A.B. asks: 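Mind having a look at this structure? Questions to follow.
FYI, side chains are in, hydrogens and waters are out, and symmetry mates aren't considered; it's all heavy atoms of this structure. Everything numeric here is computed off the predicted structure, so don't read it as measured data.
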Amino acid sequence: MSEPLRPRGRPAHTPGTTVLTYTPDGRYIITGGSNSAIRIYTVGQDGEPKTVEEGADGHLGIGATNEYFFMGAEDGTVWQYEVQSGRMEKLLVRCALPVRDIGVTKDMEWVAVASDELTVKLVNIEDMTKVKYLREQAKGTKHISFDPNGRFVAVSCTDGVVYLYSMDTEEPELLRKLDGVIRRLEPEDEATARVVWHPDGTAFATAEATRDIGVFSVGEWKKEMTFSGGHNGDITAMAWSPNGALLVTAAKDGEVLLWDSKTQKVLRRYDFPNVINMEWHPTKNALSLTTSDGELFIYDGFVSKDHQSFLQKPLQAAPIFPGALTEISDNARRPLANRPKEVQRRERLGSPDSLDDILGYDQDMDDFVDDDDGAGYAEGLMNGHGKRTNEHLDEIDGHADKRMVTSITRPKVHPPLQPGSTPWRGNRRYLCLNLTGAVWTVDQETHNTVTVEFYDRELHRDFHFTDPYMYDRACLNEHGALFSNSPSDGPATIFYRPHETWTTRADWRTHLPEGEYIRALALSESYIVAVTTKDYVRVYTLYGTPFKVYRQKSPAVTCAAWRDYVMTVGNGPLGSDGRTATLRYSVENVKRDEICQNEDVVAIPDGSELKSVFFSDTGDPCIYDSEGVLLVLQHWRTPGQARWVPLLDTTQLERLASGRKEETYWPVAVAQDKFHCIILKGGDRYPYFPRPMLSEFEFRIPISDKPGEADEENAASRTDNMRLEETFVRGNVLLSLFRDLVSSTHATATQRAELSRKELELDKVLLQLLAIECREGEERGMKALELVHMMKDRNGKMVEAAVKVAQRYGRGVLEDKIRDLAERRYTGEDDDDELA
């Protein structure tokens with residue numbers, strides 16, 4: 001076995017704590033120590049380092065980006081320096097007690113400062129007035145570290161407790177406290193308690209009091225395996241190789257050990273006394289170490305030729321899983337055929353809301369519902385928490401280019417969708433979000449806890465209960481709350497709890513037949529609806545009486561309900577490529593047993609997904625797609641006449657016109673002629689906690705874009721004209737929806753008066769458009785007359801007003817034409833279908 005050349009020690013600092021870091025690009029090594037000097041070494045050069053003498057004494061924490069590095073000192077200060085020049089930039093933050101460690105977020109925008117204070121500070125590099133806090137610690141912090149995906153931060157405290165926070169929220173939120181996974185240490189102890197994240201982000205390692213190294217899974221946060229029997233002294237430093245295939249550890253026994261991550265066997269022992277910090281080069285076979293003697297060792301060729309094959313492998317899975325990862329994209333793992341189901345499940349858990357989309361997660365057949373009808377449609381039932389999930393994020397068969405090779409190709413269909421729900425994030429998720437309130441659940445390992453919170457607390461009181469059934473779907477309205485589960489070891493359950501009752505007990509629970517599970521739930525003022533994995537539509541009364549059961553013609557995706565109406569959505573027929581070409585919907589009045597629309601097409605573009613389905617407050621079916629378009633179903637009560645009309649394209653909102661805002665919108669409801677939603681900032685795709693505020697946008701049907709530069713002279717006039725044109729088209733749509741409602745119900749006098757008012761408002765818009773056409777000149781007379789023909793004008797007043805507009809602008813010919821039209825209307829000779 002060839003022996004790598006042992007490097008010489010470089011005297012860098014006076015004896016004591018010595019810290020080091022590579023810049024992320026691997027170009028520089030920066031060290032700090034017990035004296036005030038800071039050393040900047042250029043990788044690959046043996047010359048003298050650049051020395052910065054402006055630092056404070058006693059550097060205990062260090063972090064770096066490619067442009068800046070940060071030094072935390074015993075006096076509580078954290079200074080920011082330029083990497084290339086070594087120039088001191090600014091005092092980033094000051095703590096009252098010594099700084100013990102520094103971490104930098106993956107996006108290199110925030111610096112985490114751990115100190116003997118109880119609170120950890122996250123300071124924005126560009127604007128140090130922006131500060132976030134990690135406040136749950138009971139003792140001072142010894143180490144802090146971010147996972148490779150930037151989703152979690154681990155805080156190691158001197159009392160032996162690791163605090164794990166989620167970085168997915170605006171303010172970091174505590175996910176879990178792990179007691180006993182590290183040893184209790186004094187702040188000055190050389191032994192380490194750092195959480196060392198595996199490069200694939202699915203696990204981390206910690207040094208245990210037994211001098212072994214425990215490896216813990218992300219998400220379940222439990223120990224999976226141990227590196228044992230290596231050291232005879234307290235462990236002082238650990239580091240994974242950049243691809244995760246190797247682990248290197250140092251201890252007070254004077255040895256540095258190189259481990260095979262997969263087998264947990266020691267490959268090589270190196271004699272290096274007093275090592276207290278070390279770090280791998282980001283890309284090369286090099287390891288840098290610092291000692292309590294103040295020396296730096298830059299060990300090029302650290303891994304001998306006999307073992308360099310380990311470093312030549314692609315990113316390896318954490319040692320709790322066998323196998324390698326052959327494709328890396330921003331640390332996202334894509335499953336291959338030889339990666340076991342457990343690997344995929346845990347990887348999803350490590351990034352619960354984004355990796356599903358990146359991975360195109362494909363579950364093993366064991367996780368699919370029995371396909372009793374032979375159609376091949378089935379859904380994965382278990383998430384990483386041992387619960388059934390709504391699975392509305394996951395493609396059933398993964399991306400085409402990563403589909404697992406099997407003897408039978410499963411069809412590619414739209415996954416089930418529970419409107420208003422979100423996937424697991426950490427240990428909690430929303431089961432329902434709407435205008436009534438919110439329902440969310442929290443994983444307590446052995447059970448869940450469910451909270452139901454209302455916006456109007458004067459009308460209803462919030463409630464909270466322990467959930468041993470592990471409910472994974474919910475609906476909420478002003479009358480009650482509906483829940484369902486899909487357990488792996490028993491029948492699916494539906495549970496309904498009314499908010500008010502005049503009897504002692506009115507809640508009820510029912511079970512589905514064995515092997516049948518729920519894909520989506522809906523709740524109206526009259527009925528409860530469930531679509532299932534057997535493609536049954538099950539309708540119950542509010543008090544538990546089964547009312548109707550029938551099978552959909554297309555495999556179920558989701559459902560919605562309003563009063564006596566039920567809308568179901570399913571996958572359409574498969575194309576030649578094995579993908580479903582369309583979604584099909586049906587609308588039925590279950591009380592009258594009347595089908596309004598039967599297996600018609602849901603109008604979403606090719607390649608986009610359905611994000612939500614719901615009824616408006618006036619009872620019109622609406623959908624929202626992944627393109628950001630809200631559509632309403634017009635004339636849906638008349639069989640064969642329904643069509644989808646866009647009410648709002650959120651990508652054309654004025655707030656996005658500058659291009660500076662990066663935001664999307666989570667659909668909640670359509671009510672009071674507005675779109676109610678939750679604004680998601682940046683790359684967020686789902687709302688999270690604390691419960692976000694609702695926003696609302698006026699409808700705006702996409703008619704045309706803003707005037708271009710060529711129209712600059714008439715831009716104001718053109719803008720007014722476009723605004724009125726959109727108002728007219730939108731008013732026509734809303735009028736037709738309201739007219740259909742009035743004609744299909746026992747209309748009240750108020751509703752009939754409202755219908756007349758809406759028609760009058762539409763005529764007023766046409767009158768304003770007429771004024772613009774008259775102002776433009778006589779050559780626009782044909783269009784002006786057309787506008788008058790479009791007026792409803794039941795009493796002739798609007799036509800009289802049109803005559804006055806023509807008089808005002810001196811359009812004599814147009815005035816005569818309008819008078820002629822008025823006379824023919826008065827005598828009944830006017831034909832609305834032809835332009836005179």
A.B. asks: Using a 6.0 Å cut-off, check whether atom CZ of R757 has over 12 heavy atoms from anything other than its own residue.
C.D. replies: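 Yes, because the 6.0 Å sphere around CZ of R757 holds more than 12 heavy atoms from other groups.
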A.B. asks: Rounded to the nearest 0.5 Å, how far apart are OH of Y496 and CG of L542?
C.D. replies: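 One finds 4.5 Å between OH of Y496 and CG of L542.
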A.B. asks: Does this structure show an ion pair linking K758 with E761, if we count only N-O contacts that are shorter than 4.0 Å?
C.D. replies: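 Not counted as a salt bridge, because no side-chain N and carboxylate O are separated by less than 4.0 Å.
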A.B. asks: Describe, in one word, how the ring planes of W562 and F615 are oriented to each other, choosing from parallel (under 30°), tilted (30 to 60°) and perpendicular (over 60°).
C.D. replies: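 Rings of W562 and F615: parallel, under 30°.
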A.B. asks: Any side-chain heavy atom of R519 sitting closer than 4.5 Å to one from D535?
C.D. replies: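 Side-chain contact under 4.5 Å: yes.
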A.B. asks: Could you check whether any side-chain N or O of H499 sits under 3.5 Å from a backbone N or O of N477, counting only pairs where one atom can act as donor and the other as acceptor?
C.D. replies: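 Such a contact is found between H499 side chain and N477 backbone.
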A.B. asks: Restricting to non-hydrogen atoms, name the atom on L610 and the atom on V602 that form the minimum distance, rounded to 0.1 Å.
C.D. replies: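 Closest pair (atom of L610, atom of V602, distance): CD1-CG1, 4.5 Å.
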A.B. asks: Do S616 and T618 pass the side chain to side chain donor-acceptor pair (under 3.5 Å) test, and can you show the C-alpha distance, the side-chain angles, and the key distance before you say yes or no?
C.D. replies: CA-CA 5 Å; S616 70; T618 55; 3.2 Å; yes
A.B. asks: Determine whether a donor-acceptor pair (N or O, by modelled atom type, separation under 3.5 Å) exists between the side chain of R473 and the backbone of L521.
C.D. replies: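 A pair under 3.5 Å: no.
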A.B. asks: What residues form a side chain to side chain donor-acceptor pair (under 3.5 Å) with Y543, not counting sequence neighbours?
C.D. replies: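 Side chain to side chain donor-acceptor pair (under 3.5 Å) list for Y543, sorted by chain: empty.
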A.B. asks: Say whether, by atom type as modelled, one donor and one acceptor occur between the side chain of R700 and the main chain of Q652 under 3.5 angstrom.
C.D. replies: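 It does hold such a pair.
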A.B. asks: Could you tell me the separation between the CE atom of M798 and the CG atom of L762, rounded to the nearest 0.5 Å?
C.D. replies: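 Taking CE in M798 and CG in L762, the distance rounds to 10.0 Å.
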A.B. asks: Whether the side chain of S524 engages the backbone of A561 through a donor-acceptor N/O pair (distance < 3.5 Å, no angle test) should be reported.
C.D. replies: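 No, S524 side chain to A561 backbone: no donor-acceptor pair under 3.5 Å.
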A.B. asks: Are the side chains of R685 and T664 in contact, using a 4.5 Å heavy-atom criterion?
C.D. replies: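 No, their side chains stay 4.5 Å or more apart.
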A.B. asks: Would you mind reporting whether L741 and L737 have side-chain heavy atoms less than 4.5 Å apart?
C.D. replies: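 No, side chains not in contact.
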A.B. asks: In Å and rounded to the nearest 0.5 Å, what is the CG to CG distance from L630 to L648?
C.D. replies: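 If we round to the nearest 0.5 Å, L630:CG and L648:CG are 6.0 Å apart.
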A.B. asks: Determine whether Q768 and D720 satisfy the following criterion, side-chain contact (heavy atoms from CB on, under 4.5 Å), listing intermediate values before the conclusion.
C.D. replies: CA-CA 10 Å; Q768 291 175 284; D720 288 343; over 6 Å; no
A.B. asks: Check the orientation of F697 and Y665. Use parallel for under 30°, tilted for 30 to 60°, and perpendicular for over 60°.
C.D. replies: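 Taking Y665 first and then F697, their aromatic rings stand perpendicular (interplane angle over 60°).
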A.B. asks: Go through F699 and V670 one step at a time and tell me if the side-chain contact (heavy atoms from CB on, under 4.5 Å) criterion holds.
C.D. replies: CA-CA 10 Å; F699 297 152; V670 167; 3.5 Å; yes
A.B. asks: Could you tell me the separation between the CD1 atom of I518 and the CD1 atom of I494, rounded to the nearest 0.5 Å?
C.D. replies: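 CD1 of I494 is found 4.0 Å from CD1 of I518.
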A.B. asks: Apply side-chain contact (heavy atoms from CB on, under 4.5 Å) to D462 and T451, showing your working.
C.D. replies: CA-CA 8 Å; D462 299 346; T451 300; 5.9 Å; no
A.B. asks: Taking N434 for its side chain and G420 for its backbone only, find out whether a donor-acceptor pair lies under 3.5 Å.
C.D. replies: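 Not at all, since once roles are kept as given, no pair shorter than 3.5 Å links the two residues.
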A.B. asks: Identify the two heavy atoms, one from I623 and one from A603, that lie closest to each other, and give their separation to 0.1 Å.
C.D. replies: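 Heavy atoms of I623 and A603 come nearest at CD1-O, 4.1 Å.
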A.B. asks: Holding to side-chain contact (heavy atoms from CB on, under 4.5 Å), I want the full list of residues that pass it with E627, two or more places apart in sequence or in another chain.
C.D. replies: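 By the side-chain contact (heavy atoms from CB on, under 4.5 Å) rule, E627 matches P605, S608, D625, V629.
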A.B. asks: What is the distance from atom NZ of K548 to atom CG of D593, rounded to the nearest 0.5 Å?
C.D. replies: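 One gets 3.5 Å once the value is rounded to the nearest 0.5 Å.
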A.B. asks: Do the side chain of T568 and the main chain of C559 share a donor and acceptor less than 3.5 angstrom apart?
C.D. replies: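 Checked: no pair found.
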A.B. asks: Is a side-chain N or O of R429 found less than 3.5 angstrom from the main chain of P423, in a donor-acceptor match?
C.D. replies: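 No; judged by distance alone, with no hydrogens or angles, the pair does not exist.
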A.B. asks: I'd like to know if E773 and K783 make a salt bridge, using a cut-off of under 4.0 Å between side-chain N and carboxylate O.
C.D. replies: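 Here E773 pairs with K783 in a salt bridge, since their nearest N and O are under 4.0 Å apart.
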A.B. asks: Check each of D763, L767, I818 against V799 using the side chain to side chain contact (heavy atoms under 4.5 Å, CB included) test, and report the only one that passes.
C.D. replies: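 Looking at D763, L767, I818, the match for V799 under the side chain to side chain contact (heavy atoms under 4.5 Å, CB included) is I818.
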A.B. asks: May I ask you to decide if the ring planes of F675 and Y624 are parallel, tilted or perpendicular, using 30° and 60° as cut-offs?
C.D. replies: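 F675 and Y624: parallel rings.
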A.B. asks: Taking the side chain as every heavy atom from C-beta outward, state whether P419 and T558 have any atom pair closer than 4.5 Å.
C.D. replies: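 In contact.
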A.B. asks: If you look at every heavy atom in R563 and Y527, which pair is closest and at what distance?
C.D. replies: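 The pair with the smallest heavy-atom distance is O-CD1, 3.8 Å.
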A.B. asks: Examine distances only and state if a side-chain atom of H414 and a backbone atom of L583 form a donor-acceptor pair shorter than 3.5 Å.
C.D. replies: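 No; judged by distance alone, with no hydrogens or angles, the pair does not exist.
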A.B. asks: Return the minimal non-hydrogen interatomic distance between F614 and P667, and the atom names on each side.
C.D. replies: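 Of all heavy-atom pairs spanning F614 and P667, the closest is CE2-CB, 4.2 Å.
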A.B. asks: Could you walk me through whether L735 and L755 satisfy the side-chain contact (heavy atoms from CB on, under 4.5 Å) test, starting with their C-alpha distance in whole Å, then the side-chain angles of each, then the deciding distance to 0.1 Å, before giving a yes or no?
C.D. replies: CA-CA 7 Å; L735 176 62; L755 181 61; 3.6 Å; yes
A.B. asks: Work out which heavy atom in V569 is nearest to a heavy atom in M567; give both atom names and the distance.
C.D. replies: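 Nearest heavy atoms, V569 then M567: CG2-CE, 4.2 Å.
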A.B. asks: After noting the C-alpha distance and the side-chain angles of T582 and R584, does the key distance pass the side chain to side chain donor-acceptor pair (under 3.5 Å) rule?
C.D. replies: CA-CA 6 Å; T582 58; R584 300 295 180 91; 3.2 Å; yes
A.B. asks: One thing to verify: whether E663 and R655 come together as a salt bridge, which I'm taking to mean a side-chain N less than 4.0 angstrom from a carboxylate O.
C.D. replies: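 Salt bridge flag = yes for E663 with R655.
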A.B. asks: Taking the side chain as every heavy atom from C-beta outward, state whether F463 and F454 have any pair of such atoms under 4.5 Å apart.
C.D. replies: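 Heavy-atom side-chain distance check passes, below 4.5 Å.
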A.B. asks: May I ask you to decide if Y809's main-chain N or O and R775's side chain share a donor-acceptor pair within less than 3.5 Å?
C.D. replies: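 Checked: no pair found.
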A.B. asks: Above 12 or not: heavy atoms from other molecules or residues under 6.0 Å from CD of Q672?
C.D. replies: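 Atom CD in Q672 is not packed in, count stays at 12 or less.
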A.B. asks: Whether R819 and E815 form a salt bridge (side-chain N of Lys/Arg under 4.0 Å from carboxylate O of Asp/Glu) is what I want to check.
C.D. replies: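 Yes, charged N to carboxylate O under 4.0 Å.
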A.B. asks: Would you please indicate yes or no on a ring centroid separation below 6.0 angstrom for Y585 and W636?
C.D. replies: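 Centroid distance W636-Y585: not below 6.0 Å, so no.
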A.B. asks: Between T650 and G628, which heavy-atom pair has the shortest distance, and what is it?
C.D. replies: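 That closest heavy-atom pairing would be OG1-O, 2.7 Å.
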A.B. asks: Is there a side-chain contact between E478 and D456, using heavy atoms and a 4.5 Å cut-off?
C.D. replies: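 When only atoms from C-beta onward are counted, D456 and E478 do not touch, as no gap falls below 4.5 Å.
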A.B. asks: Inspect the contact between K674 and E698 and indicate whether a charged nitrogen and a carboxylate oxygen are less than 4.0 angstrom apart.
C.D. replies: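 Yes.
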A.B. asks: Rounded to the nearest 0.5 Å, how far does CD of E594 lie from CZ of R637?
C.D. replies: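 Nearest 0.5 Å value for the CZ-CD distance: 12.0 Å.
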A.B. asks: Do other residues, nucleotides or ligands put more than 12 heavy atoms under 6.0 Å from K681 NZ?
C.D. replies: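 Yes, enclosed.
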A.B. asks: Below 4.5 Å, heavy atoms only, C-beta onward: do V413 and P555 meet side chain to side chain?
C.D. replies: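 They are not in contact (no side-chain heavy atoms under 4.5 Å apart), so the answer is no.
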A.B. asks: Charged N to carboxylate O below 4.0 Å: is that the case for R592 and E588?
C.D. replies: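 Salt bridge flag = no for E588 with R592.
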A.B. asks: Return all side-chain donor-acceptor pairs below 3.5 angstrom for residues 722-729, not counting sequence neighbours, or 'none' if the list is empty.
C.D. replies:
{"residue": "E725", "atom": "OE2", "partner": "N721", "partner atom": "ND2", "Å": "2.9"}
{"residue": "E726", "atom": "OE1", "partner": "R730", "partner atom": "NE", "Å": "3.4"}
{"residue": "E726", "atom": "OE1", "partner": "R730", "partner atom": "NH2", "Å": "2.9"}
{"residue": "E726", "atom": "OE2", "partner": "I701", "partner atom": "N", "Å": "2.7"}
{"residue": "E726", "atom": "OE2", "partner": "R730", "partner atom": "NE", "Å": "2.9"}
{"residue": "T727", "atom": "OG1", "partner": "R723", "partner atom": "O", "Å": "2.8"}

A.B. asks: Taking C-beta and beyond as the side chain, do Q807 and V803 meet within less than 4.5 Å on heavy atoms?
C.D. replies: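 Heavy-atom side-chain distance check passes, below 4.5 Å.
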A.B. asks: Distance-only, no hydrogens or angles: does the H635 side chain make a donor-acceptor pair with backbone N or O of R643 under 3.5 Å?
C.D. replies: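 No, the answer is negative, given that no donor and acceptor are paired below the 3.5 Å cut-off.
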